[in-house]
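Following: one structure in structure tokens, then a few remarks.
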Amino acid sequence: MQRRNSASTVALAALFLAGASFLAISPSLAAPPGSPWGAGYFPNVELTTQDGVKVRFYDDLLKGKAVAINVIWTHCVDACPLETARLVQVQRLLGDRVGKDIFFYSISIDPKRDTPAVLKAYAKKFDVGPGWLFLTGKKQDIDLIRKKLGLSSRNDAESRDGHA
């Protein structure tokens, strides 16, 4: 357990230094039993990875893991490419810890255009390594995830890229 906590601390520090806009969830930061922030809070909706694999948001991606989550869309011209490039730098700093001690997830806010194949090409364009999934799904499910994680705002529609 000590190694996981240490890796989580390093990962959070590296992400902070990279200036990425994201949410990190760590088992060491888990709410006490009976808290509303447990499994009943996070939606367990189905998402699809860049490889076409179906996964459940809570059961497969969050439960018992330290994670860093951001939202992107592949046609974004400002924040998303910059944030993805920064996270790639963090992934390289963390080395083989990514996919073992901490997991990266980028969830598309444009599921109509961001099919698994498009997400796979986007990941390849940035030379993303293992332990980082790019995810798509139903718009209403993604909106719910964003709301529950605090990764949405009223200003999203007003920004040039469709998210703040």
Knowing that exactly one of [options] qualifies, which makes a side chain to side chain contact (heavy atoms under 4.5 Å, CB included) with [X]?
X	options	value
Q50	V118, V128, L119	L119
L135	V55, I72, T48	V55
I142	L47, D110, V71	L47

I need the minimum non-hydrogen distance between C76 and P81, along with the two atoms involved.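 Residues C76 and P81, closest heavy atoms: O-CG, 3.5 Å.
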
Can you see which heavy atom on G52 is nearest to which on P116, and at what distance?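 Looking at all heavy atoms of both residues, the closest pair is N-CB, 4.1 Å.
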
Distance, nearest 0.5 Å, that separates [atom1] of [X] from [atom2] of [Y]:
X	Y	atom1	atom2	value
R146	L151	CZ	CG	7.5 Å
R113	W73	CZ	CH2	5.0 Å
R92	D127	CZ	CG	5.0 Å
I109	C80	CD1	SG	6.0 Å
N70	I107	CG	CD1	8.0 Å

Checking K63 against Y58: charged group under 6.0 Å from the ring centre and within 45 degrees of the axis?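 K63 over Y58 ring: no.
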
Where does the angle between the aromatic ring planes of Y122 and F126 fall among parallel (under 30°), tilted (30 to 60°) and perpendicular (over 60°)?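 Tilted, since the angle between the ring planes falls between 30° and 60°.
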
Whether F104 and W132 hold their rings parallel, tilted or perpendicular, with breakpoints at 30° and 60°: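 Geometry flag for W132 against F104: perpendicular rings.
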
As a quick check of understanding, evaluate side-chain contact (heavy atoms from CB on, under 4.5 Å) for V45 and K138, giving each step before the final call. CA-CA 9 Å; V45 296; K138 295 178 184 171; over 6 Å; no

Just by modelled atom types, is the [Y] backbone N or O under 3.5 Å from a matching donor or acceptor in the [X] side chain?
X	Y	answer
K65	D60	yes
N44	D59	yes
Q91	P130	yes

Audit row: T136, D114, side chain to side chain donor-acceptor pair (under 3.5 Å) steps and yes/no: CA-CA 7 Å; T136 189; D114 289 344; over 6 Å; no

Who are the salt bridge (Lys or Arg N to Asp or Glu O under 4.0 Å) partners of D51, not counting sequence neighbours?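 Once residues adjacent in sequence are excluded, the partners of D51 under the salt bridge (Lys or Arg N to Asp or Glu O under 4.0 Å) criterion are K120.
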
Audit row: D78, L82, side-chain contact (heavy atoms from CB on, under 4.5 Å) steps and yes/no: CA-CA 7 Å; D78 288 328; L82 179 59; over 6 Å; no

Identified side-chain hydrogen bond (donor to acceptor under 3.5 Å, both in side chains) partner of D143 from the options K147, K139, Q140: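 Answer after filtering K147, K139, Q140: K139.
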
Please identify each residue that fulfils side-chain contact (heavy atoms from CB on, under 4.5 Å) with K124, with sequence neighbours left out.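 K124 satisfies side-chain contact (heavy atoms from CB on, under 4.5 Å) with no residue once adjacent residues are dropped.
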
Walk me through whether F57 and I145 qualify under side-chain contact (heavy atoms from CB on, under 4.5 Å). CA-CA 8 Å; F57 183 67; I145 289 169; 3.7 Å; yes

When you look at V67 and Y105, which way does the side-chain contact (heavy atoms from CB on, under 4.5 Å) test go after all the steps? CA-CA 7 Å; V67 302; Y105 305 131; 3.4 Å; yes

